[in-house]
Amino acid sequence: YLLMVGSAAWYKNRLGALQLQAALAKLTPTPPDLVLAGAAPTDEENALAREHRVEIVHFGELSPAQLQTLYTGAEALLMPSYIEGFGWPALEALAAGTPLVITDTSSLAEHFGPAAALVLPTPAPTELAAWADAMAPHLRELLEAPAEVRAAIIQQGRQHAASFSKDSFAKNLLAGLSAVQGSPSA
């Protein structure tokens, strides 16, 4: 299954994920399910899923252990967001060994680009179907990657996630404070 975690806020672009799932179904006879963890699907999302015969599996509020189980079992985490803050689900997925598919935009690409499959930024909602048709072959390539390629992707993701440790945060914070303190304007 493909996993999305979080709210149904517009910027998460769950409609884009549904369009991507529908486009993927045109390319493969048995596409993975789409699992939403968090907010229930909206009426608009349910209507789009029915239109494209995409089944949504929904899990509401989950414990950390349950969420970890979903990350571990997913073939990939989808984050086709228009914008994001930091992107905690991306970090959690990489740490769990789940490949990450993100849009090449906002902080997601900045923080996770080196360890993620990047797709083009999502366009306006009226252009999502064409975007999904163009991006689906890239997603299929990731999902059908040979075992050794997938293992390398997972290893790279775990290494990248490890770089977000408390120790590296503390070192970066101290370096930033030292730079500010030593600057002429301080």
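Only heavy atoms go into these numbers, but all of them, side chains included; no hydrogens, no water, no symmetry mates.
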> Does the pair T42 and N46 meet the rule for a side chain to side chain contact (heavy atoms under 4.5 Å, CB included), with working shown?
Replying inline: CA-CA 6 Å; T42 65; N46 282 323; over 6 Å; no
[atom1]-[atom2] distance between [X] and [Y], expressed to the nearest 0.5 angstrom:
| X | Y | atom1 | atom2 | value |
| --- | --- | --- | --- | --- |
| R158 | I153 | CZ | CD1 | 13.0 Å |
| L143 | T28 | CG | OG1 | 8.5 Å |
| E110 | E84 | CD | CD | 13.0 Å |
| L20 | R140 | CG | CZ | 12.5 Å |
| L18 | R50 | CG | CZ | 11.5 Å |
| D33 | Q21 | CG | CD | 7.5 Å |

>> Just by distance, no angles: are the side chains of T69 and Q66 close enough, under 3.5 Å, to form a donor-acceptor pair?
In response: no
> Are a donor atom and an acceptor atom from the side chains of S178 and Q181 found within less than 3.5 Å of each other?
Replying inline: no
Do [X] and [Y] touch side chain to side chain, with heavy atoms closer than 4.5 Å?
| X | Y | answer |
| --- | --- | --- |
| P31 | V54 | no |
| K12 | P80 | no |
| P99 | E75 | no |

>> Quick check: closest heavy atoms across A39 and A8, and the distance to 0.1 Å?
In response: CB-N, 3.6 Å
> Which heavy atom in R150 sits nearest to a heavy atom in A74, and how many Å separate them?
Replying inline: NH2-O, 4.0 Å
>> Quick check: is I154 connected to L142 through a chain of hydrophobic side chains (ILVMFWY, heavy atoms under 4.5 Å apart)?
In response: no
>> For residues W10 and L48: do they belong to one hydrophobic cluster (side chain heavy atoms under 4.5 Å, members Ile, Leu, Val, Met, Phe, Trp, Tyr)?
In response: yes
[X] atom [atom1]: more than 12 heavy-atom contacts under 6.0 Å:
| X | atom1 | value |
| --- | --- | --- |
| Q68 | CD | yes |
| E51 | CD | yes |
| E44 | CD | no |

>> If the condition is salt bridge (Lys or Arg N to Asp or Glu O under 4.0 Å), which residues does E45 pass it with, not counting sequence neighbours?
In response: R14
Which donor-acceptor pairs under 3.5 Å do the side chains of residues 125-135 make with protein atoms, sequence neighbours left out?
residue : atom : partner : partner atom : Å
W131    : NE1  : L120    : O            : 3.0
D133    : OD1  : K26     : NZ           : 3.2

> Are E55 and L34 close enough, and set up right, to give a side chain to side chain contact (heavy atoms under 4.5 Å, CB included), and what steps lead you there?
Replying inline: CA-CA 7 Å; E55 185 168 341; L34 179 62; over 6 Å; no
Is a side-chain donor or acceptor of [X] paired with a backbone partner of [Y] at a separation under 3.5 angstrom?
| X | Y | result |
| --- | --- | --- |
| D104 | P121 | no |
| Q156 | P114 | yes |
| H160 | H111 | yes |

> Can you list the other members of the hydrophobic cluster that holds Y71, where links are side-chain heavy atoms under 4.5 angstrom apart?
Replying inline: Y1, L3, V5, V35, V57, F59, L62, L67, L70, L77, M79, F86, W88, L91, L94, L100, I102, L108, F112, L118, F164
> Is there a side chain to side chain contact (heavy atoms under 4.5 Å, CB included) between V101 and L2 once you walk through the steps?
Replying inline: CA-CA 10 Å; V101 178; L2 300 173; over 6 Å; no
